[in-house]
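Presented below is the structure to which this report refers.
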Amino acid sequence: MRKRELKVAVIGGGSSYTPELVEGFIRHYDELPVKQLVLADIEAGQEKLRIVGELARRMAEKAGVPMDIQLTLDRREAIKDADFVSTQIRVGLLDARARDERIPAKHGLIGQETTGAGGFAKALRTVPVILDICRDIRELAPNAWLLNFTNPAGIVTEAVLKYGGVKTIGLCNLPIGTRMQVAGAYGVDVDKVYIEMAGINHLNWTTRIIVDGEDVSQAFLTRAAGASGLTMKNIPDLGWDAEFLQSLGALPCAYHRYYYMREEMLEKQREELDTKGTRAEVVKKVEAELFELYKDPELKVKPAQLEQRGGAYYSEVAVNLMTSIYNNKKDIQTVNVLNNGIIPSLPDEVCVEVNAVIDADGAHPLQLTTPLRPQMRGLLQVVKAYEELTVEAAVHGDYHAALQALTIHPLVGTAAAAKAVLDDLLAANRAYLPQFQA
Ligand code: G6P
């Protein structure tokens, strides 16, 4: 796709995360000459967009990079003729996230942004908006790649793969976060670490770890037992049990704690709700501080405080992916793509998070070198079935699919609990769920 003038559109460009992305574009400008960066947002995000946009311009100017940064409330104008469209939206803003976290908790369930009943509600709100964005891309930039960061990233990407009709790859910062943790443990540069991951977004297992050419998969499990730091900023850092890890035979991801340590995580949730409030409320405070910093005309780089957010370093992921597509690099990255037989125990047409070779044609998943053992396969199949039902519920406003989705979810688990939490979530999100009101 080598062209001289690359255009990138960021939908949800007023996000406090945007300086991450801008830093990435600046650092990789030689390989990925983004001449035009359009940050688009909705009216409610106008002020944030202006503040972030001005910081982005100062960053580019200080770095001496000729990137034209435009701000707009017109999504279609942003998308028109773009080469890459990146989506990082939050339908209903942080208030909706706070409800996603609080309502399940009221029912005695895990209340989390992407996992369980909270992530389910976020999917119902988000999928229709993403499919609208796909409609715009089909019309205005049919050759563009849609790089989706919007959570729940696996479900949203699956909806795009099934109903969007655009070229897409789903992304998350968790895989790079895991590589960084391994690199930190061995005191090596992240480039020296190769990991094989398999599963779905926020439920993937690291089945192989190679450091400096040496397979340390088993040794790392021994190191990981009880260790701190193997998590993301937004997930309590509970250590893994040694025997559990050995018998699992792979490194779980940070989000697996909600499944494998549900009672401890519920306890943490109660504690945090009593002291700090929901994660959304914590994030609101962090964001307010960040925006105060961003306003400072003397600030011309990404502030370190941004690393308090769970999505830190996502620019690495976005920029690496765009660079590899643009330069036909054929390197390996962990991405969300169509399964098509890579995980044989899942349907072909679902979205999985696996390692893939990235070239100008997109992502080509690699065969797994370590098949998923039954203990991983079983949980994966159930949660994937929940995701398939959630996509149907979100696209068609299908109450029955929604009820079945939550009933089989391991963090909900009974028909009565599913119905109760579903009805509360639908009522609280009424304004964002036109598909359920037909
Ligand atoms: C993790 C996840 C992201 C998520 C983020 C939330 O890193 O991988 O998908 O968006 O955390 O972080 P926050 O600071 O908003 O709680």
Side-chain angles (χ1 to χ4, degrees), residues 10 12 14-21 48 86-102 110-116 118-123 125-126 130 147-158 169-181 197 199-206 229-237 252-258 265 268-269 272-273 276-291 302-318 321 333-336 351 353 387:
V10 181
S15 160
S16 58
Y17 280 122
T18 295
E20 274 273 339
L21 199 56
K48 284 184 170 180
S86 145
T87 43
Q88 48 178 46
I89 60 172
R90 191 185 289 289
V91 180
L93 308 173
L94 281 167
D95 286 339
R97 175 174 175 181
R99 289 192 290 272
D100 292 348
E101 292 168 339
R102 239 174 235 287
I110 293 290
Q112 214 280 331
E113 183 195 15
T114 62
T115 301
F120 168 84
K122 190 174 194 326
R125 288 193 303 274
T126 310
I130 292 284
L147 307 186
N148 177 61
F149 272 104
T150 299
N151 273 322
I155 298 176
V156 170
T157 305
E158 183 160 316
I169 299 177
L171 295 171
C172 180
N173 67 330
L174 190 143
I176 183 99
T178 307
R179 274 178 72 204
M180 283 176 156
Q181 287 155 14
M197 285 189 143
I200 55 180
N201 184 239
H202 290 179
L203 193 87
N204 67 14
W205 290 266
T206 301
L230 292 174
T231 192
M232 312 293 283
K233 282 277 167 16
N234 55 321
I235 302 185
D237 192 5
C253 78
Y255 287 80
H256 273 112
R257 290 181 177 84
Y258 293 109
M265 292 297 269
K268 272 265 163 225
Q269 176 172 290
E272 288 185 354
L273 284 175
K276 301 188 258 183
T278 60
R279 174 74 187 163
E281 284 142 11
V282 173
V283 165
K284 269 191 180 183
K285 289 195 191 116
V286 175
E287 278 212 338
E289 285 166 28
L290 283 171
F291 276 94
K302 177 191 89 177
Q305 285 88 331
L306 192 46
E307 285 160 28
Q308 293 174 54
R309 295 293 305 277
Y313 306 115
Y314 91 105
S315 67
E316 296 286 320
V317 185
L321 186 65
Q333 301 181 24
T334 307
V335 288
N336 287 264
C351 176
E353 189 168 80
E387 292 196 351

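What you are looking at is a predicted structure, and each value in this text was computed from that prediction instead of being measured. We count ligands from 1, going down the list as the structure has it; atoms in each ligand are counted the same way. Numbers here are sequence positions counted from 1.
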What atoms of ligand 1 come closer than 4.0 angstrom to any heavy atom of [X]?
| X | result |
| --- | --- |
| His202 | 2 (C), 8 (O), 9 (O) |
| Asn173 | 1 (C), 2 (C), 3 (C), 7 (O), 8 (O) |
| Asn151 | 3 (C), 4 (C), 9 (O), 10 (O) |
| Arg97 | 13 (P), 15 (O), 16 (O) |
| Tyr17 | 12 (O), 13 (P), 14 (O), 15 (O) |
| Gly311 | 5 (C), 7 (O), 11 (O), 12 (O) |
| Val283 | 13 (P), 14 (O), 15 (O), 16 (O) |

Structural part of [X] in contact with ligand 1, heavy atom criterion under 4.0 angstrom:
| X | value |
| --- | --- |
| Tyr314 | neither |
| Glu287 | neither |
| Cys172 | side chain |
| Thr114 | neither |

Heavy-atom pair of closest approach, residues Leu171 and Leu147: CD1-CB, 4.1 Å
Sub-4.0 Å heavy-atom contact, Lys233 with ligand 1: no
Close approach, Glu113 and ligand 1, non-hydrogen under 4.0 angstrom: yes
Arg102 side chain to Arg99 backbone, donor-acceptor under 3.5 Å: no
Establish, from distance only, whether the side-chain atoms of [X] and [Y] form a donor-acceptor pair under 3.5 Å.
| X | Y | answer |
| --- | --- | --- |
| His202 | Thr114 | yes |
| Asn234 | Tyr255 | yes |
| Gln181 | Thr178 | no |

Ionic contact status for [Y] with [X], cut-off 4.0 Å:
| X | Y | value |
| --- | --- | --- |
| Arg279 | Glu272 | no |
| Arg90 | Glu113 | yes |
| Glu20 | Lys302 | yes |

Any N/O of [X] closer than 3.5 Å to an N/O of ligand 1?
| X | answer |
| --- | --- |
| Arg309 | yes |
| Gly310 | yes |
| Asn234 | yes |

Met265 side chain reached by Ile235 side chain, heavy atoms, under 4.5 Å: yes
Shortest protein contact, atom 16 (O) of ligand 1 (heavy atom only): Arg279 NE, 2.6 Å
Top protein contact for atom 2 (C) of ligand 1, by heavy-atom distance: Tyr255 OH, 3.2 Å
Lys122, Gln88, Arg97 screened by side chain to side chain contact (heavy atoms under 4.5 Å, CB included) with Asn151, the one that passes: Lys122
Pairwise distance CG(Leu306) to CG(Leu290) - rounded to 0.5 angstrom: 5.5 Å
